[in-house]
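Have a look at the structure below, then the notes.
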Amino acid sequence: MVSGAADAPLIALRGIRRHYGGGDSGQPAVTVLHGIDLEIRAGEFVAVVGSSGSGKSTLMNILGCLDRPSAGSYHFQGQDVATLDADALAWLRREAFGFVFQGYHLIASESASENVEMPAIYAGLPKLQRAQRARALLSRLGLGERLGNRPNQLSGGQQQRVSIARALMNGGRIILADEPTGALDSRSGAEVMALLRELADAGHTIILITHDRGVAAQARRVIEISDGRIVSDSQHGEQASTAGSAMALALPPAAGEGATPWLAELAEAARSAWRGMRMNRVRTCLTLLGIVIGVASVIVMLAIGEGARRKVVEQMGTMGTAILYMGSKPPSTGGPAGQLTEEDLAAVRELPEIRRVMPVIGDPVTVRYGKADKQIYVFAASEEMPLVHHWKVTQGRYYTEAEDRDLAPLVVIGHKAHQHFFPDTPNPLGRQLIIGSSAFEVIGVMSERGADSGAQDYDDMVFIPYRSGRARVYQAQTQPDYVVLEAMSSDVVHEAEEAIRKVLLARHGGREDFGIGNAAARIQAEAATRQSMAVMLGLIAAVSLVVGGIGVMNVMLMTVRERTREIGIRMATGARQRDILRQFLTEASLVTLVGGSVGLAAGLLVGAVLIISGVPVVFSVRAMLGAFACAVVTGLVFGYMPARTAARLDPVRALAGE
Ligand code: ADP
Ligand code: MG
């Protein structure tokens, strides 16, 4: 109950004026209402009659708290309406008023039953009760068979009955009907009037606005308005009396009631958002496309980048991170290249930072078996080769240090070399290969390195002991082509490099006629470049995500414009600004959620295709979640502005569809 005054009139207007334009609006000032004084008691059935343009609708908007007067006071149950904020006014519209408009103002995308339920959604009634009450109301108004019909599947009279049911949904203590029969044929009009009379008899306060004196005459009190002034006010019949105190309404608690569980509200907003998306399929698809492409490309780009990086790292693994290379080269100061002698290698082998020293000579050499011959890279190196390259022998064995020292004519062959020379011989051990002009006995077959290792060329090669190679194949060679060195650990690679340089400089009389390379550093540098490339690609993809977000904003702004009237209807039935804000934000998030999910699927699909076609791709869950989250955040950020625009619409202007 409101502050005191139990006998206060339900509605009391004093000196209500309403101007339009003027001031800095650029439009000429028009005064539509010139000081209206009016009292309406609970339970009255009042008609406001006047010619078109006399200010009836303006008055009704003020009575229904859709609009505020420019001057004058409006007391509702003794409480000054001017003191209420937007939420309290929404509450009042929801709990006290039910609007019936000439143009019905039903939401086109929703069924009759859903239209009727709407005020109860904002009032926080649970779904089941809502549906039951809507069905009961519609059945009572003769629309029990039409619950699921959309407004465009109903006649004008039926639509008006739906809107009356909507006005009654939250109780409809005061029905404000603006030309309710204006768009109806005389029979439907008569039905609607009968309905209003019935409601008046049942104790509802009815304020009927019409230009038709015949219609107005059916009310018990007729107020005539002309050019914004009341010119007559006459009582015709017994008013349904004093349901006044029984109908009185407690005003909302100051803190706002928060009656509706937010989850239910969210579900409701999501449902209506989903419907909106389905109604505008093409537009939705186009908007989604932006988000889908954005999310998918972020995922794919990052996956490709990660794949490339992993591949380099893997390569690094097979090469070992502690590997150094050494060779002779002309010094930068000029003069001939140096010679790496056996003694040099022995001295380097003595260094504490060095684990292994493996001189290598390798060149394409003609290799024959029977009638088959082929130019093959013949790799002459010490018995440490499998250790240095983290490589295993699958058949037979590798040669030993002793065999190397004895110049034994032994060969271990790569996987592809095996296939080439001995296609029909699973076990080629003991066969003789002619390398250059010497015979070598096959004692082992290396395991397959495969395409992924970054070292598949090794599968083509054959491997012979270093000394025996120098003696039998590479007689002209005076020093190794290069030397592979393995440091004690990857942590001491740089120290090892320095130590080698020092030893060799000393042995070569201070001339730097040799070069030392660091495999790990090179590979790491490459990995870093590839990673930064991946990051760049990811950034480009992220930009496309933002572009997608702008698309969402664009569509949302269009949606708000298209649906101003719907927003107005929702506000008239009691939606608060935050309800509208939530609805449009939900729609934006739903678009981006769906877009994000489809984008995720598309990204995985593209990735799968890439994997099938041999591109190294590594999906990262973090990238996927990140892209998805970005999409949703984009939707919220870019959806916020349009949603706020919608929420801040003025109810009267929104209802007019401006
Ligand atoms: P009725 O409902 O009695 O036909 P209205 O209340 O709709 O009349 O309008 C009364 C007068 O106010 C009309 O002359 C109309 O042109 C003017 N009017 C209504 N709304 C606006 C507005 N937003 N801006 C300027 N003039 C308005
Ligand atoms: Mg009007």
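Residue indices begin at 1 and follow the sequence shown. Ligands are counted one by one from 1 in listed order, and the atoms in each one are counted from 1 as well.
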For atom 13 (C) of ligand 1, which of G53, G55, G50, A656 has the closest heavy atom? G53
In terms of atom number and element, which parts of ligand 1 are under 4.0 angstrom from non-hydrogen atoms of S52? 4 (O)
Between R271 and E114, does any side-chain N to carboxylate O distance fall below 4.0 Å? yes
Under a 4.0 Å threshold between the charged nitrogen and the carboxylate oxygen, would R14 count as salt-bridged to D80? no
Please test T586 against Q583 for side chain to side chain donor-acceptor pair (under 3.5 Å), starting from the C-alpha separation and ending with a verdict. CA-CA 5 Å; T586 310; Q583 181 186 347; over 6 Å; no
Aromatic ring proximity F99/Y104, centre distance under 6.0 Å: no
With salt bridge (Lys or Arg N to Asp or Glu O under 4.0 Å) as the criterion, how do R576 and D85 come out once you've worked through the C-alpha distance, each side chain's angles and the decisive distance to 0.1 Å? CA-CA 11 Å; R576 287 155 300 183; D85 63 6; over 6 Å; no
Is the shortest N/O to N/O distance between V30 and ligand 1 below 3.5 Å? no
Of all the atoms in Q102, is at least one N, O or S atom closer to the Mg ion (ligand 2) than 2.8 Å? no
Salt-bridge criterion met for R213 and E224 (N-O under 4.0 Å): yes
Would you tell me which option among K56, R18, E179 has the nearest heavy-atom contact to atom 3 (O) of ligand 1? K56
Which one holds for V32 and ligand 1: side chain close, backbone close, both close, or neither close, with close meaning a heavy atom under 4.0 Å? side chain
Heavy-atom proximity to atom 2 (O) of ligand 1, best of G228, S51, S57: S57
